[in-house]
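Following: one structure in structure tokens, then a few remarks.
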Amino acid sequence: MKGIISALLCSFDEHGQVNEKGLRDIIRYNLDTVQVDGLYVNGSSGENFLLTTAQKKQIFTIVKDEVQSDVPLIAQIGSLIIEEAIELAKFVTNLGYDAISAVTPFYYKFDFEEIKHYYNTILEHVENKMIIYSIPALTGVNMSLDQFSELFDNKKIIGVKFTAPDFYLLERLRHRFPDHLIYSGFDEMLLPAAVLNIDGAIGSTFNLNGKRAKQILTLAQQGHIMEALAIQKETNDFISAVLDNGLYQTLKELLVTQGVDAGICRQPLKTLTANGKGIVLDIANKYL
Ligand code: NGF
């Protein structure tokens, strides 16, 4: 489960329903064209926190059916409703997902004991491996090195998806846990994370830009930092254009320019205006 892992986008129709054909198209584009090393399903990029339980299960099922065992699959099952997290953890484990991942519980200001209880409770119910999903900018949950260490005492917790710009903490994590899987989560910061010897990266922009990301990771691992930096610069020109136009909407519309039926986002995420779609064409012409 190392390398460049796409945080999979999902295709929705104008009624907010999963467009199965579109989702299969997105998966095929990731596997056949971008050639990513794995898929992270129902994360932020999959609009997970806007989905019903039935839709989450539908997506997990379609992805496994399309991918089979071609690349590793990680299922994000985290939920504020712990029963839902457990139900989804069991569901994807039965489907044959290689690992589960769960966002740190958010909204209420949970203390660390509560966060630890959340992970350990999910894992009591399921025979699978867990990747913690740490994204403080969206959850408000910051964990210290010692707190990660306490979570890692549970042997089923095998790694972390680290979506934070804290390279001191990332270096300390790598140093203290050489055998845990550490994935970076900010695609625009892949190079500095790669220099710190991460195992891989999980990100939204890899749905389109995964080949450049793979080059950055590989070059950094080989010590060719300035060459990697040139590709990170080009990547960041691409990412900043995408972010300025609306992250998930623009990524989906970019897929549409490549012949992928990527659909639109679920409400309350906006749909692109005609002007926004024009910008997408410019981005596609320049970077794809
Ligand atoms: O989309 C976000 C929200 N972060 C993703 C990634 O860390 C998480 C990142 O790729 C993710 O994609 C998922 O859970 O599905 C950014 O989109 C990217 O670096 C652009 O900022 O922060």
Side-chain angles (χ1 to χ4, degrees), residues 1 3-12 23 26-27 30 34 36-51 56 59-60 63 73-79 85 88 92 97 99-106 130-142 159-167 170 181-194 198-210 212-214 216-217 232-255 262 265-266 269 283 287:
M1 295 201 302
I4 295 299
I5 297 178
S6 256
L8 192 68
L9 297 160
C10 183
S11 179
F12 298 103
L23 174 56
I26 296 175
I27 297 165
N30 270 282
V34 188
V36 295
D37 299 310
L39 297 176
Y40 187 83
V41 185
N42 281 344
S44 321
S45 310
E47 297 165 60
N48 176 75
F49 304 103
L50 304 176
L51 300 176
K56 293 175 192 178
I59 294 166
F60 284 134
V63 175
L73 292 176
I74 304 173
Q76 198 296 121
I77 53 83
S79 168
L88 292 173
V92 297
Y97 273 68
I100 56 174
S101 178
V103 70
T104 52
F106 53 91
M130 166 74 80
I131 311 284
I132 293 164
Y133 180 6
S134 174
I135 181 162
L138 294 185
T139 59
V141 177
N142 280 287
V160 57
K161 166 163 147 49
F162 186 89
T163 306
D166 185 341
F167 294 101
L170 181 58
L181 290 168
I182 301 181
Y183 303 96
S184 87
F186 274 131
D187 315 355
E188 52 276 48
M189 301 177 204
L190 175 57
L191 176 57
I198 50 168
D199 298 288
I202 298 170
S204 64
T205 63
F206 304 156
N207 283 271
L208 289 133
N209 194 52
R212 283 194 192 92
K214 184 85 180 176
I216 294 168
L217 186 61
Q232 184 75 66
K233 188 250 162 218
E234 197 180 14
T235 287
N236 287 0
D237 290 344
F238 167 73
I239 292 177
S240 68
V242 169
L243 289 173
D244 286 348
N245 199 44
L247 175 59
Y248 305 128
Q249 294 91 335
T250 301
L251 291 175
K252 287 186 186 186
E253 196 61 26
L254 282 168
L255 285 167
C265 291
R266 274 181 59 83
L269 291 171
I283 299 173
Y287 299 103

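All of these numbers come straight from a predicted model, not from anything done at the bench. Ligands are counted one by one from 1 in listed order, and the atoms in each one are counted from 1 as well.
- Residue contact check: Ser45 has heavy atoms under 4.0 Å from atoms 11 (C), 12 (O), 13 (C), 15 (O) of ligand 1.
- The closest protein non-hydrogen atom to atom 13 (C) of ligand 1 is Ser44 N, 3.2 Å.
- Every atom of ligand 1 is numbered from 1 in the order shown, and the set under 4.0 Å from a heavy atom of Gly43 is 13 (C), 14 (O), 15 (O).
- Side chain of Asn42 to main chain of Gln76: no donor-acceptor pair is present (N/O by atom type, distance under 3.5 Å, no hydrogens or angles).
- Judged by distance alone, with hydrogens and angles left aside, the side-chain atoms of Arg266 form a donor-acceptor pair with the main-chain N or O of Leu50 at under 3.5 Å.
- By the 4.0 Å heavy-atom criterion, Ile135 is counted among the residues contacting ligand 1.
- Considering only heavy atoms from C-beta on, Leu247 comes within 4.5 Å of Ser204 through its side chain.
- Near Leu138, the atoms of ligand 1 lying under 4.0 angstrom from a non-hydrogen atom of the residue are 3 (C), 22 (O).
- Which parts of ligand 1 touch Tyr133 is read off a 4.0 Å heavy-atom cut-off, strictly below it: atoms 8 (C), 11 (C), 13 (C), 14 (O).
- A donor-acceptor contact closer than 3.5 angstrom is absent between the side chains of Thr235 and Asp187.
- Counting atoms of ligand 1 from 1 in the listed order, those under 4.0 Å from a heavy atom of Phe186 are 19 (O).
- Asp37 places a side-chain N or O within 3.5 Å of a backbone atom of Ile4 that can act as its donor or acceptor partner.
- A donor atom on one side chain and an acceptor atom on the other are not found under 3.5 Å apart for Tyr248 and Ser44.
- Interatomic distance, Cys265 SG to Leu9 CG, rounded to the nearest 0.5 Å: 8.0 Å.
- Those atoms of ligand 1 that come under 4.0 Å of a heavy atom in Gly203, given as number and element, are 10 (O).
- Side chains of Leu217 and Ile198 form a contact here, defined as non-hydrogen atoms less than 4.5 Å apart.
- Checking Gly185, Ser204, Gly78 against atom 6 (C) of ligand 1, the nearest heavy atom belongs to Gly185.
- Ring centroid separation for the pair Tyr40 and Phe206 does not come in under the 6.0 Å cut-off.
- Contact annotation for Lys161 and ligand 1: only side-chain heavy atoms (C-beta onward) come within less than 4.0 Å of the ligand.
- Atom 18 (C) of ligand 1 has its closest protein heavy atom at Glu188 OE1, 3.5 Å.
- Using a 4.0 angstrom heavy-atom cutoff, Phe206 does not count as in contact with ligand 1.
- Taking any N or O of Thr163, backbone or side chain, at least one lies under 3.5 Å from an N or O belonging to ligand 1.
- In summary, the atoms of ligand 1 found under 4.0 Å from a heavy atom of Asp187, numbered by their order in the structure, are 9 (C), 10 (O), 18 (C), 19 (O).
- Expressed to the nearest 0.5 Å, how far CG of Asp237 lies from CD of Glu188 amounts to 12.5 Å.
- Here the straight-line distance linking atom CD1 of Ile27 with atom CG of Leu73 works out to 8.5 Å at 0.5 Å rounding.
- Set against the non-hydrogen atoms of Ala7, the atoms of ligand 1 under 4.0 Å away are 11 (C), 12 (O), 13 (C), 15 (O).
- Given atom 2 (C) of ligand 1, the protein heavy atom at minimum distance is Tyr248 OH, 3.5 Å.
- At a 4.0 Å heavy-atom cut-off, ligand 1 touches Leu247 through the side chain alone.
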